[in-house]
Visitor: 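This is the structure I want to talk about, given as structure tokens.
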Amino acid sequence: MSASRFYVVAPGGGAAIGRDMLQSAVALAREMGEGTHVVDTLAMPYEPMARRIDGGEPVYVEFGAWDTRGDADANLIEAVKKGYVPIVQAFLAKGADPKAADRNGGPAILWAVARGKADVLRVLLEAGADPNAADRDGMTPLKLAGQRGKTELAAILKAAGARG
């Protein structure tokens, strides 16, 4: 079975449900209510990637797409770099590995810390990301959080089992 193109992400991330047709995804998002997102995981570069239900209508949010023809893991890394939770959740629902790393060995979780995104970090950890994952140079999320003075991120990582 192939993955869906559109993912409907509930407010707060409680569910991410795949749909093949935009109309079906938007209808489901409307049923789920305000703040629900529809993420197009195959959007073309520079086109809007996500819509949020606002006043009962799907409204584009400010995140443009990239070349999503790559694999799910590469798309997850790009989603983490964008730093918008519903897009990250959509690619996780599509089958991306929360332990994925970029072509230079940088794990998704390290990108979440680099971008300073506590909400994205929590989503990755809940999905099974390794809090001690290091890049090729040995940089870990906890080290990076410490270097950048990101005490909230360091606390989240420590609570998830990150070691100094």
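All residue numbers refer to positions in the sequence shown, counting from 1. Predicted, not measured: the structure shown is a model, and the values here were computed from it.
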Visitor: Mark yes or no for whether Asn75, through its side chain, and Thr68, through its backbone, hold a donor-acceptor pair below 3.5 Å.
Guide: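 A pair under 3.5 Å: yes.
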Visitor: How long is the span from the CD1 atom in Ile109 to the CG atom in Leu144, to the nearest 0.5 Å?
Guide: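 Here the rounded value is 11.0 Å.
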Visitor: Is a donor from one side chain sitting under 3.5 angstrom from an acceptor on the other, for His37 and Tyr7?
Guide: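 No.
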Visitor: Looking at Thr41 and Arg5, would you say the former's side chain and the latter's main chain have a donor-acceptor pair under 3.5 Å?
Guide: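 Between the backbone of Arg5 and the side chain of Thr41 there is a qualifying donor-acceptor contact (under 3.5 Å).
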Visitor: Return the CG to CG distance between Leu42 and Asp67, rounded to the nearest 0.5 Å.
Guide: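 Result: 10.5 Å between the selected atoms.
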Visitor: Could you state the interatomic distance from CG (Asp40) to OH (Tyr60), rounded to the nearest 0.5 Å?
Guide: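 Rounded to the nearest 0.5 Å, the CG-OH separation comes to 8.0 Å.
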Visitor: Taking Met139's backbone N and O only, do any of them form a donor-acceptor pair with Asp137's side chain (distance below 3.5 Å, no angle check)?
Guide: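 No; zero donor-acceptor contacts below 3.5 Å.
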Visitor: I'd like to know if Arg69 pairs up with Glu78 as an ion pair, taking the criterion as any Lys NZ or Arg NE/NH1/NH2 lying under 4.0 Å from an Asp or Glu carboxylate oxygen.
Guide: no
Visitor: Sub-3.5 Å donor-acceptor pair from the side chain of Asp73 to the main-chain atoms of Asp97, do we have one?
Guide: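 Yes: the side chain of Asp73 pairs with the backbone of Asp97.
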Visitor: Is a donor on one side and an acceptor on the other found under 3.5 Å between the side chain of Ser24 and the backbone of Met21?
Guide: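 No; zero donor-acceptor contacts below 3.5 Å.
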Visitor: Which heavy atom in Ala25 sits nearest to a heavy atom in Val8, and how many Å separate them?
Guide: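 Reported closest heavy-atom pair: O-CG2, 3.4 Å.
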Visitor: Main chain of Gly56, side chain of Arg30: is a donor-acceptor contact present, judged purely on distance under 3.5 Å?
Guide: yes
Visitor: Can you tell me how far the NZ atom of Lys143 sits from the CZ atom of Arg148, to the nearest 0.5 Å?
Guide: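 Separation between the atoms: 14.5 Å.
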Visitor: Looking at Arg52 and Glu34, does any basic side-chain N land under 4.0 Å from a carboxylate oxygen?
Guide: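 Glu34 and Arg52: not salt-bridged.
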Visitor: Any sub-3.5 Å donor-acceptor pair from Asn132's side-chain atoms to Arg163's backbone N or O?
Guide: yes
Visitor: Using a 3.5 Å distance criterion without hydrogens, assess whether the side chain of Lys158 forms a donor-acceptor pair with backbone atoms of Leu142.
Guide: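 The answer is no, because no donor-acceptor pair under 3.5 Å joins these two groups.
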Visitor: Among all residues two or more places apart in sequence or in another chain, which pass the side-chain contact (heavy atoms from CB on, under 4.5 Å) test with Arg115?
Guide: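 For Arg115, the residues satisfying side-chain contact (heavy atoms from CB on, under 4.5 Å) (neighbours in sequence not counted) are Lys81, Trp111, Lys117.
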